[in-house]
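Working notes, structure below.
Not measured: the values here are computed from a predicted model.
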Amino acid sequence: MLTKGLDVGFKDVDLKQGIVTGQFAKHNTKDLGGDISEQGVFAKSIMERGPKGSRLMKFLLDHDKKMVPGVLTDVYEDAQTASYEMKAGMHNQGVDFVKMVESGIINQHSYGYVTIKEMYDPNRKANVLKEVMLLEISAIQFLGMNPDTTRIDLKSEADAFFYLEKLKRFLQTSDCTDETLIKLEKEFKSLELLLKPLNDTLKKLEADQYKSLINILNS
């Protein structure tokens, strides 16, 4: 199974009903893997495997088959994008998922697929996906922690520090289940460790700038 990611958040969240909608793919745009998807690439899968078909298409968290926060109620595409609507379950995963979406802890998407038909377009220098079997749609945490979602990444160091602070506040105030909070705390510590060298460098630069300013004022 292959995966692709999209740095787009959610269209709408109905907390009371547990209904979440969002985009998971963008058509006619070359991705980092050199692929372009065309409108209709998911049409057969949506008809056969989607909510109005066999319902084999799943909605997951981080491509994890054990993390199923809810069920897809609609999957559709237009000329520009492919979108979905899902209904979160009343179980812990579903309730926590909606809370994380609302807080911005989860704000990207990815999908798992198998290529059925493709062709190379020399003019666009891209591999054009004509038809794929859409297996699942995943909501992805900001960092794309799953190694298969390497096309999802932080745009800048500022994004990383912003997310770290947002995650810290969420851990301090959320009433999510212990299982979810433990997982997020591990992510927080991992990101904090990853950003420590950069944070130390920024602090040193600030200190050096402060010293330079003091020397100028005292000169």
Side-chain angles (χ1 to χ4, degrees), residues 1-27 31 37 39-114 129 131-146 148-149 151-152 163 166-167 170 174-177 179-181 183-184 187:
M1 182 184 76
L2 301 174
T3 63
K4 286 191 179 297
L6 182 65
D7 183 15
V8 174
F10 296 84
K11 289 183 179 179
D12 191 25
V13 183
D14 185 334
L15 293 179
K16 293 182 179 179
Q17 300 296 322
I19 296 173
V20 176
T21 62
Q23 294 177 2
F24 66 91
K26 188 174 293 186
H27 294 323
D31 62 28
S37 65
Q39 180 182 10
V41 67
F42 305 116
K44 188 175 181 181
S45 284
I46 291 174
M47 180 179 64
E48 296 179 350
R49 300 172 54 83
K52 298 177 182 178
S54 63
R55 303 178 68 87
L56 291 174
M57 195 180 298
K58 303 299 183 182
F59 187 84
L60 307 177
L61 179 59
D62 292 332
H63 299 292
D64 189 342
K65 295 179 180 179
K66 296 180 180 178
M67 298 294 291
V68 187
V71 297
L72 292 166
T73 54
D74 196 11
V75 182
Y76 54 96
E77 57 180 329
D78 55 29
Q80 286 78 40
T81 62
S83 305
Y84 73 89
E85 178 184 276
M86 65 84 69
K87 169 73 172 176
M90 297 301 292
H91 60 319
N92 289 340
Q93 289 181 10
V95 174
D96 288 354
F97 170 74
V98 174
K99 292 176 181 177
M100 287 190 287
V101 171
E102 181 195 22
S103 69
I105 298 301
I106 300 175
N107 65 354
Q108 295 186 355
H109 293 91
S110 182
Y111 63 92
Y113 69 100
V114 175
L129 297 175
E131 180 187 342
V132 304
M133 180 185 294
L134 183 58
L135 303 176
E136 51 91 0
I137 299 169
S138 279
I140 303 292
Q141 295 185 63
F142 198 94
L143 294 178
M145 297 301 287
N146 188 305
D148 290 332
T149 60
R151 295 187 180 88
I152 299 178
Y163 177 71
K166 181 183 290 187
L167 186 55
F170 185 80
S174 176
D175 59 351
C176 281
T177 60
E179 181 182 1
T180 294
L181 292 176
K183 180 180 179 180
L184 291 178
E187 182 181 339

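Under a 3.5 Å cut-off, the side chain of Glu48 and the backbone N or O of Gly53 do not form any donor-acceptor pair. A donor-acceptor distance shorter than 3.5 angstrom exists from the side chain of Lys87 to the backbone of Gln17, with no hydrogens or angles considered. Proximity of a side-chain donor or acceptor of Gln93 to a complementary backbone N or O of Lys66 within less than 3.5 Å is detected. Between the side chain of Glu136 and the backbone N or O of Leu60, no donor-acceptor pair lies under 3.5 Å. Between the side chain of Glu77 and the main chain of Gly40, a donor-acceptor pair closer than 3.5 Å is present. Remark: side-chain polar atoms of His109 are paired, donor with acceptor, to backbone N or O of Gln23 under 3.5 angstrom.
In this structure, the side chains of Leu134 and Phe24 come closer than 4.5 Å at one or more pairs of heavy atoms. With contacts defined as side-chain heavy-atom distances shorter than 4.5 Å, the pair Met133/Arg49 qualifies. Within the 4.5 Å cutoff, no side-chain heavy atoms of Thr180 are placed close to those of Asn92. Side-chain atoms of Ser83 and Thr21, non-hydrogen and from C-beta on, never get closer than 4.5 Å to each other. A heavy-atom distance below 4.5 Å is found between the side chains of Cys176 and Leu181. Using a 4.5 Å heavy-atom threshold, the side chains of Val75 and Met57 count as touching. Using a 4.5 Å heavy-atom threshold, the side chains of Glu187 and Ile105 count as separate.
Enclosure of atom CD in Glu179 is not indicated, since only 12 or fewer non-hydrogen atoms of other residues, nucleotides or ligands lie within 6.0 angstrom. Atom NZ of Lys44 sits in a sparse spot, with 12 or fewer heavy atoms from other residues, nucleotides or ligands closer than 6.0 Å.
Closest heavy-atom contact between Lys99 and Asp175: NZ-OD1, 2.8 Å. Nearest heavy atom pair, residue Phe170 against residue Met100, reads CZ-CG, 3.7 Å. Heavy-atom minimum distance, Ala88 versus Val98: CB-CG2, 3.6 Å.
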Worksheet item: Would Asp62 and Ile140 satisfy side chain to side chain contact (heavy atoms under 4.5 Å, CB included), going step by step from the backbone distance to the final call?
Response: CA-CA 5 Å; Asp62 292 332; Ile140 303 292; 3.8 Å; yes
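Ring geometry, Phe59 versus Phe97: the interplanar angle exceeds 60°, so the pair is classed perpendicular (tilted spans 30 to 60°).
To the nearest 0.5 angstrom, Ser37 atom OG is 5.0 Å from Tyr111 atom OH. Between Lys26 atom NZ and Gln80 atom CD the span is 10.0 Å, to the nearest 0.5 Å. To the nearest 0.5 Å, atom CG of residue Asp96 and atom NE2 of residue His91 are 9.5 Å apart. Separation of atoms NZ (Lys58) and CG (Leu72) is listed at 9.0 Å; rounding is to 0.5 Å. Rounded to the nearest 0.5 Å, atoms CG (Asp74) and CD1 (Ile19) are 11.0 Å apart.
Under the 3.5 Å distance criterion, with hydrogens and angles disregarded, no donor-acceptor pair is assigned to the side chains of Gln108 and Ser110.
Among Met86, Glu85, Glu102, the single residue meeting the side-chain contact (heavy atoms from CB on, under 4.5 Å) criterion with Val20 is Met86.
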